[in-house]
Amino acid sequence: MHLRHFDPFFITNLEEMTSVSFWLIKKYKSISNICVFFCRCFLCCFFIRRKHVINEICLLEGEEIYLPSTTWAQLQEYGYSYRNTGTVTGVRVQLQEYGYSYRNMGTVTGIRVQLQEYGYSYRSTGTVTGIRVQLQEYGYSYRNAGTVTGIRVQLQECGYSYRNTGTVTGIRVQLQEYGYSYRNTGTVTGIRVQLQDYGYMCLPAVGVCPRCMSCVASPWGCQWNTQEHTCQDVDGTVLGPQIIKHRQVARCPQFENPDPVLIPVGFKTTISFEGINLDVYQVNFSFDKSQETNVLFYVKDKETGKKIDSTLNVTLYNCSLGREDCSLCKNAAPKYNCVWCAKRKSCVYEKLCIDQATEDPQDTECPDPQITDIIPRYGPVKGGISVTIKGSNLGIHKEDIKAVSVVGVPCIHQEDRYAVSTSVVCEIGPLDPLSTNRGPVEVELEGGKRGTSSVFFTYRDPIASSVHPDKGSKAGGMVVTISGSNLDTATREDITVTVGGVVCTVETFGANITCRMGEYRADKVPSDLLMVTVKYGKNSTTAVPTAFQFLENPTILDHHPKGSFVCGGRTIVVTGSGFGLIQNAIMRVQASADEWSGMSPTEYLQEALNKNDTVLQFLSPAVNRSYETQVFRTFIQLDNWVRELKPFDYHPDPAFDSLTKKIITETSIIIVTGRGFSKAMTAKEAQAFVGDIPYFVNTLQDDKLFLDPPSSQPRALSNHHRRRRDTSSDPLDLLIKFGNGEWVVGSVHYERKNEVSLLIIPAVIVPMLLIILISVYCYRRKSQQAEREYEKVKHQLENLEESVRDRCKKEFTDLMIEMEDHTNDLSEGRIPFLDYKTYTDRVFFLPSKDGANDVMITGKLDIPESRKAIVAQALNQFSNLLNSKTFLINFIKTLEGRPDFNARAKVYFASLLTVALHGKLEYYTDIMRTLLLELMGNYVDSKNPKLMLRRSETVVERMLCNWMSICLYQFLKDSAGEPLYKLFRAIKHQIEKGPVDARVKKAKYTLNDTGLLGDDVEYCVLTLQVLVHGEGPDVTPVKVLNCDTVSQVKEKIIEAVYRNLPYSQRPKVDSVTLEWRPGSTGQILSDLDLTSQKEGRWRRINTLAHYNVRDNATLVLSRVVHTQQNYDQNQDNQEERNSLLDDDKVFHLVRPDELDEMKSKRGSLKDKSMTKAITEIYLTRLLSVKGTLQQFVDDFFRSVLCSGAVVPPAIKYFFDFLDEQALKHENVDEETIHIWKTNSLPLRFWVNILKNPHFIFDVHVTEVVDASLSVIAQTFMDACTKSEHKLSRDSPSNKLLYAKEISTYKKMVDDYYKGIRQMVSVSDQDMNTHLAEVSRTHTDKLNIQVALYQLYQYASKYYDGIIQSLDEDPAAQSKQLTLRLQQIAAALENKVTDL
């Protein structure tokens, strides 16, 4: 690197200049030392590191690095006044003599002040982060009651200056002659300053990357200090070589013109660039691990660390990355000079291949092609399916493939699906009947090179023989199973199933095929049985004639009763016909969908309790009590057939008054008062209990209940209450039950009437006295015994509490020790973050009805080859049409006005729109703001603004959710991702320390009481020595439990062995086998085999204890090898396992029937009390797990709710938008703003990510882990709400678990919102710059064309309505939007228009 210097003051001897070079000693994926020698032999070194480690990049391409972010004002004689009475959203400055005024109605992103005599103007395009005021003569007073982000006050005579870098919460300024004072004790919402005479000052530039040239070239007479690297006021008293005066741009240090700009990795290359006015510098740069990466680096002063003006940009490239074989290497662009080095067997820069002295590396021939796999391994005899051939060196161009044969049969090469060197796709032809049906695959390349597979392909014909069930309703939705032989020929993508022309969507593909029946759309249902046809590829079919019959849909005649309380549990009977055809009968209750609460919290489901052909019986689902004021819609879903129950209403739970009569007798009628009793309950359904005795509900009115007394005396349900023989008793609870709801309305005393006659003969009295004495003696004896038992139980509970405390402490210590390895992994950058495309695919489209098979995730469109060019051109035109704000607003409003455009369609449409407009996120944000303003006006006008953003009834609410997801992706990777990943790993680790029932999905250690494994399962920890077959002799120790199933053991082994790989790259449980070698012979372990234990009709899943595997046993993990012999053996084992799994009576740790018996068992009072005590003891495990995980939960909450750290600009920008709009409406208070912010960020985005870590990480979330994450997510939701949570003994355990921490978390949320409000505003320009960078970085990775095509399907469906809306809009008419849409329709689907 040669340095040319143009300042003779700095360089006195040009011969002292030394050539400087960069040596990239190692491949850039490792750390390399690079040194730079400058003119006087000053030495500095820097390190190449991974990009996410270095965040000191100063200059990026296209970035203006001098960001003036302060305000400079020159005041002259008469004074002026400035006042802002709201938040800083509009600035008005008026000067005296000329009466000039300027007003800015936006946020303060630029302030312009024009002064009178000199005609000076100044504009700041950054954010206002510093204010400087100079006062002149007498006294002054300055008070700051809070923190200040950047205020500097300098007074003339005393030379006093003050600077504070906090946030502004209170300012007091008092000026002298007028005695004016102003105090603001809140946030800065109004400042008024009146100044008197002279004076002005040049402000220092405050920016991220200030420039010397921008400073001294400014029109305001500033000078640059090279030592402090600051822009200062011109000051004649400050002299020295470090001061660069105004207009002395040539003296500024700078670097430029690097040469060359393309540098290979691993080869010493000299980089030269020009520099002037140099001192001792340090060079830093960073890069991504990729085939080619731009290296942007800056130069800075070694002593101060300040940056120097520079535009240095070179490109590193690596020949070997992504070019693992010869063909891929030769396919590299010529500019890289990459060659295949035969001796090194790798792709390298041509000058690095110095070991081939005899021949030119460019002339090296590639080895013969290698075939490693064939997908699928089986195909129909008539051919017609596509076969994918995987391997290496399979040519460079698609024309290189000269011939492909499968079992000797020519296979037609599909050139459009060819992948260089690695994949060839061809369509197999029919097999000659006289030829063998099994053989290898052969590929012939240009030049005669051939490759033959070691795995064989087999031709065979599938045969379907039976279908079950053989009838179903016209609406479809039932699952049909097709049985036969060789049905797993070809792949799932090659087969289609039809029943008399009705498509049956394939769900599982294997030895049997299951598919979900579609709807029979013809008006008349055929009376004959229809043929079930399975088509394989283009040419082969197998069918079962007269196999399935469609019948008319069920009919609902009536339902009773017509309503329910929100607590649910009321028996609903639906009568009709045709219910016997139905597989799944569900009652669905829908409220407005809350996007932020995860898995449809506003849809409540209840399966039918009983059903026959004419009657369905349900229990009404309980709904969230926060929705009591909303209208619920109730549906009955019978497979695919859905009908709304009308009328059916949900009513608020009844309210009860306190009992006025506290004493009852055996003849007393109890009257309970209140309101709302008869809205959803009858006297026959209601239940009442006094103690343990049921009371008959005689009469039920809306405000009264009349209870008839029983004949026997009630007793308390608690063990502390004993039946006594005296006339008074301890208080007894009066319990009222309506469905699932239970209310204790008060306590009563029970008294018996005096039945003793006045005429009692002494002969009766004496024996009674004796009996009483004996009874008293027995009672005292029993009481003493009970007292001893009570003390014993109390002592046991104290020991239990101490044990729980010790267990929490011990397990937390163990967890922290065992999490050290994971923490080390995190410090090395091993958090398996998903790339941007996969992240957005999962957030936007994974919850859709097609899930991972959604076309937006797969990116596959079924468009004929002949129309692809026309469709692509039309979609580009449609994209341009979407960029018309007039069209897009009309498009969205037309769709939202259609009743069949439901909530799911709105969510999907908004996600498609997000992808389609990703290239112009600034425009997307503008559309979102416009729609939000309209939505906000609607809610405010309806006097119910608190409901805004709570539901997902509009497209814009989902657009906001997607916008947050896009803008917070980098924040997740940089800040919040690590604590979230640690929390996920800690929960997973803690759950797997104890038994987990593989069938009922319950665990011993969990945070969710419904997922708690109640039984004490005996188990012990084993350490297995695992050897991975084919991966060397290294043994990996793995901790498991002897009660783990074989599949659970496999999962733990895969987790330990492949811990450095993300989940998607690890082998799956079904693709590996586990072999135990206790001696000379091995034994294959499996979940179910012929040795599985049977208990009556139940079969227990095999565990390590079943096989008697001991501690330190050696197990071998092997990949499943698909040779023919192994395949046949695996096929037999699979068929045996499938036959065992077909039996539903399979259990792991706890038999489901035992759980049911335990729930329904009605024993003695002592048995019930003991059962309750045992259950509560099990609940202490929740406290143990909660205490162990508390630190990880707190860390995650702090990372999300800490405004002191880096807050993404999108959050500040949107929160300011809400604050700004709230000020324009009188009926929007602080609580409403809090609710808006909560609904838009924490509950709409963070809860979704917290409940679904697989949206951001490449991990697998099991059901038991999901259950615990749901508890933490619910706690997060509770912390963000303003309402107080009243807890009682009847509150859910999940609520009680974090009751103590909720107040702390609520304060964190409040402080977070306050901190964001006090931050410096983010301007529209800054936000648009940020959004443009996101668009530029990620848009090309998304399926834009697919999104446009899917969006057009909505335009096609609602075509007439859109055309009508555009015709009625004058703005659309002037832009001819109707004509443009008609042209697009004509091109895309040959739609006849009026053109």
Side-chain angles (χ1 to χ4, degrees), residues 467-482 492 495-509 513-527 529-534 547-557 559 572 574-590 593 599-600 603-618 621 633-646 648 847-855 898-908 1353 1357:
V467 177
H468 179 79
D470 59 357
K471 60 174 64 72
S473 65
K474 176 183 175 182
M478 70 290 297
V479 176
V480 175
T481 302
I482 304 171
R492 177 174 175 174
I495 69 167
T496 56
V497 180
T498 57
V499 179
V502 177
V503 175
C504 192
T505 305
V506 177
E507 293 198 343
T508 63
F509 178 70
I513 298 174
T514 63
C515 62
R516 188 170 295 277
M517 190 65 67
E519 180 183 2
Y520 188 85
R521 298 184 180 275
D523 294 334
K524 185 177 181 182
V525 177
S527 58
L529 293 172
L530 301 178
M531 177 183 294
V532 176
T533 304
V534 184
F548 191 86
Q549 182 180 15
F550 282 106
L551 300 175
E552 289 292 344
N553 290 329
T555 301
I556 293 179
L557 300 177
H559 64 280
I572 311 297
V574 180
T575 57
S577 61
F579 300 152
L581 300 174
I582 302 305
Q583 291 179 342
N584 295 301
I586 298 173
M587 173 179 278
R588 283 197 296 124
V589 179
Q590 289 184 352
M599 298 288 293
S600 297
E603 181 170 272
Y604 308 92
L605 307 179
Q606 181 67 52
E607 293 186 1
L609 289 178
N610 298 296
K611 70 182 180 75
N612 55 36
D613 193 57
T614 58
V615 176
L616 296 173
Q617 190 178 64
F618 300 90
R633 300 179 64 191
T634 304
F635 301 85
I636 298 297
Q637 179 173 336
L638 308 177
D639 290 337
N640 274 0
W641 189 77
V642 180
R643 284 295 180 272
E644 184 174 2
L645 283 188
K646 289 185 178 180
F648 192 90
S848 67
K849 64 177 182 179
D850 294 329
N853 295 322
D854 188 89
V855 66
R898 297 302 295 264
D900 56 340
F901 191 61
N902 56 26
R904 180 184 289 274
K906 292 173 184 176
V907 168
Y908 192 73
Q1353 304 310 309
K1357 182 177 181 180

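All values derive from a computational prediction rather than experimental measurement. The figures that follow rest on heavy atoms only: side chains count, while hydrogens, waters and symmetry mates do not.
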A.B. asks: Tell me, please, which residues at least two apart from N640 pass side chain to side chain contact (heavy atoms under 4.5 Å, CB included).
C.D. replies: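 Expected list: A475.
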
A.B. asks: Can you tell if the side chain of V503 reaches within under 4.5 Å of the side chain of T496, non-hydrogen atoms only?
C.D. replies: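 No, their side chains stay 4.5 Å or more apart.
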
A.B. asks: Would you say V615 and N610 make side-chain contact, with heavy atoms under 4.5 Å?
C.D. replies: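 They are not in side-chain contact.
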
A.B. asks: Tell me whether the count of non-hydrogen atoms from other residues, nucleotides or ligands lying under 6.0 Å of CD in Q617 goes above 12.
C.D. replies: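 Atom CD in Q617 is crowded, with more than 12 foreign heavy atoms closer than 6.0 Å.
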
A.B. asks: When rounded to the nearest 0.5 angstrom, what distance separates CG in L605 from CZ in F635?
C.D. replies: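 Result: 12.0 Å between the selected atoms.
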
A.B. asks: Going by the rule side chain to side chain donor-acceptor pair (under 3.5 Å), which residues pair with Y520 if we only count those two or more places apart in sequence or in a different chain?
C.D. replies: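 Checked Y520 against side chain to side chain donor-acceptor pair (under 3.5 Å); zero matches.
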
A.B. asks: For D900, give me all partners under side chain to side chain contact (heavy atoms under 4.5 Å, CB included), at least two apart in sequence or on another chain.
C.D. replies: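 Result, side chain to side chain contact (heavy atoms under 4.5 Å, CB included) vs D900: R898, K1357, Y1358.
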
A.B. asks: So, taking the atom named CD in E607 and the one named CZ in F618, what distance separates them when rounded to the nearest 0.5 Å?
C.D. replies: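 It comes to 9.5 Å.
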
A.B. asks: Answer yes or no: is there a donor N or O on one side and an acceptor on the other, between the side chain of R492 and the main chain of V506, under 3.5 Å?
C.D. replies: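 The answer is yes, because a donor-acceptor pair under 3.5 Å joins these two groups.
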
A.B. asks: Can you sort out the partners of D854 under side chain to side chain donor-acceptor pair (under 3.5 Å), two or more places apart, ordered by chain and number?
C.D. replies: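 Scan of D854 (side chain to side chain donor-acceptor pair (under 3.5 Å), adjacent residues dropped) gives S848, Y908.
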
A.B. asks: Taking T555 for the side chain and S577 for the main chain, is one N or O donor matched with an acceptor at less than 3.5 Å?
C.D. replies: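 Pair absent, no side-chain N/O of T555 close to backbone of S577.
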
A.B. asks: Using the side chain to side chain contact (heavy atoms under 4.5 Å, CB included) rule, take V525 and L551 through it: C-alpha gap first, then chi angles, then the decisive distance, then the call.
C.D. replies: CA-CA 6 Å; V525 177; L551 300 175; 5.5 Å; no

A.B. asks: Report yes or no: does N612 contribute a side-chain atom to a donor-acceptor pair with the main-chain N or O of T614 at less than 3.5 Å?
C.D. replies: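 Side chain of N612 to backbone of T614: a pair is present.
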
A.B. asks: Please list, chain by chain and in numerical order, all residues satisfying side chain to side chain donor-acceptor pair (under 3.5 Å) with T575, sequence neighbours excluded.
C.D. replies: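 T575 satisfies side chain to side chain donor-acceptor pair (under 3.5 Å) with no other residue.
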
A.B. asks: What pairs with D613 under side chain to side chain contact (heavy atoms under 4.5 Å, CB included), at least two apart in sequence or on another chain?
C.D. replies: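 D613 satisfies side chain to side chain contact (heavy atoms under 4.5 Å, CB included) with no other residue.
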
A.B. asks: Using every non-hydrogen atom in the two residues, find where F548 and G472 come nearest and quote the distance to one decimal.
C.D. replies: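 The pair with the smallest heavy-atom distance is CZ-N, 3.4 Å.
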
A.B. asks: Working to the nearest 0.5 angstrom, can you tell me the gap between Q590 CD and T634 OG1?
C.D. replies: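 Output value for this atom pair is 9.0 Å.
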
A.B. asks: What pair of heavy atoms forms the shortest contact from S473 to F550, and how long is it?
C.D. replies: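 The answer is O-CD2, 3.6 Å.
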
A.B. asks: Quick check for you: to the nearest 0.5 Å, what is the distance between I556 atom CD1 and L616 atom CG?
C.D. replies: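 If we round to the nearest 0.5 Å, I556:CD1 and L616:CG are 7.0 Å apart.
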
A.B. asks: Taking only residues at least two apart or on different chains, which pairs with a member in residues 517-526 satisfy salt bridge (Lys or Arg N to Asp or Glu O under 4.0 Å)?
C.D. replies: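 Matches after skipping sequence neighbours: E519-R521.
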
A.B. asks: Listed by chain and number, what are the side chain to side chain donor-acceptor pair (under 3.5 Å) partners of R516, not counting sequence neighbours?
C.D. replies: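 Result, side chain to side chain donor-acceptor pair (under 3.5 Å) vs R516: E507.
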
A.B. asks: Just distance, no hydrogens or angles: give the donor-acceptor pairs under 3.5 Å from side chains in residues 580-589, sequence neighbours left out.
C.D. replies:
unit_1, atom_1, unit_2, atom_2, d
Q583, OE1, V479, N, 2.9
Q583, NE2, V479, O, 3.1
R588, NE, Q637, OE1, 2.9
R588, NH1, E603, OE1, 3.1

A.B. asks: Suppose we screen for side chain to side chain contact (heavy atoms under 4.5 Å, CB included). Which residues come up paired with L529, at least two apart in sequence or across chains?
C.D. replies: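 L529 satisfies side chain to side chain contact (heavy atoms under 4.5 Å, CB included) with T546, Q549 only.
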
